[in-house]
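Have a look at the structure below before the remarks.
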Amino acid sequence: GYKADVAASGEEAIRAYLNALERNEKYNAVIMDLTIPGGISGIEAGKKIKEIDKYSNIIISSGYSKDAVLSEYKRYGFSGMISKPFDIEEISSLLAKIITGKK
């Protein structure tokens, strides 16, 4: 039941977020990969989106489950984290918690 947009880079994700705000169509959540080939990382893009909108819900995702960003995601400004591989139930549950604010 979610509408999703896809960005090929951190810079593209930031532009998409800005464009949505300009149209008054704020994203409920952004799922950002920790590593994005070329350009800025998911951490940098997430920080930039937080600077644009301090209320943004950004989820960090990675297949590198031992990375400190995943274990301390709140310290880095993320609303949630999910390790790859994940299934539809896991991501759906996480999105529902983050969007509704319920634990």
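We're numbering straight along the sequence, starting at 1. All values derive from a computational prediction rather than experimental measurement.
By the 4.5 Å heavy-atom criterion applied to side chains, Asn28 and Asn57 are not counted as neighbours. In this structure the side chain of Leu95 reaches within 4.5 angstrom of the side chain of Ile59, judged on heavy atoms. No side-chain heavy atom of Ile40 sits under 4.5 Å from any side-chain heavy atom of Lys48.
Atom-to-atom distance recorded for Ile31:CD1 and Met81:CE is 12.5 Å, nearest 0.5 angstrom. One distance of note links CG of Leu34 with CD1 of Ile43; it measures 5.0 Å at 0.5 Å rounding. In this structure, Ile82 CD1 and Ile60 CD1 are separated by 12.0 Å, a value rounded to the nearest 0.5 Å. Here Asp53 contributes atom CG and Leu21 contributes atom CG; the two are 5.5 Å apart, rounded to the nearest 0.5 Å. Atom NZ of residue Lys97 and atom OG of residue Ser79 lie 13.0 Å apart, to the nearest 0.5 angstrom.
Surrounding OH of Tyr2 are more than 12 heavy atoms belonging to other residues, nucleotides or ligands, all under 6.0 Å away. In Lys50, the NZ atom is crowded: over 12 heavy atoms of neighbouring residues, nucleotides or ligands sit closer than 6.0 Å.
For the pair Ser71 (side chain) and Ala68 (backbone), a donor-acceptor distance under 3.5 Å is present.
Residues Tyr27 and Asp5 have side chains that bring a donor and an acceptor to within less than 3.5 angstrom of each other.
Of all heavy-atom pairs between Ser61 and Lys84, the closest is OG-CG, 3.5 Å. Taking both residues in full, the closest heavy atoms of Gly46 and Met32 are given as N-CE, 4.3 Å, listed atom of the first, atom of the second, then distance. Taking both residues in full, the closest heavy atoms of Gly80 and Tyr73 are given as CA-CE1, 3.4 Å, listed atom of the first, atom of the second, then distance. Considering every non-hydrogen atom in both Ile49 and Ala13, the closest pair reads CD1-O, 4.3 Å.
Not a single ring pair (Phe, Tyr, Trp, His ring centres under 6.0 Å) links Tyr76 to another residue, sequence neighbours left out.
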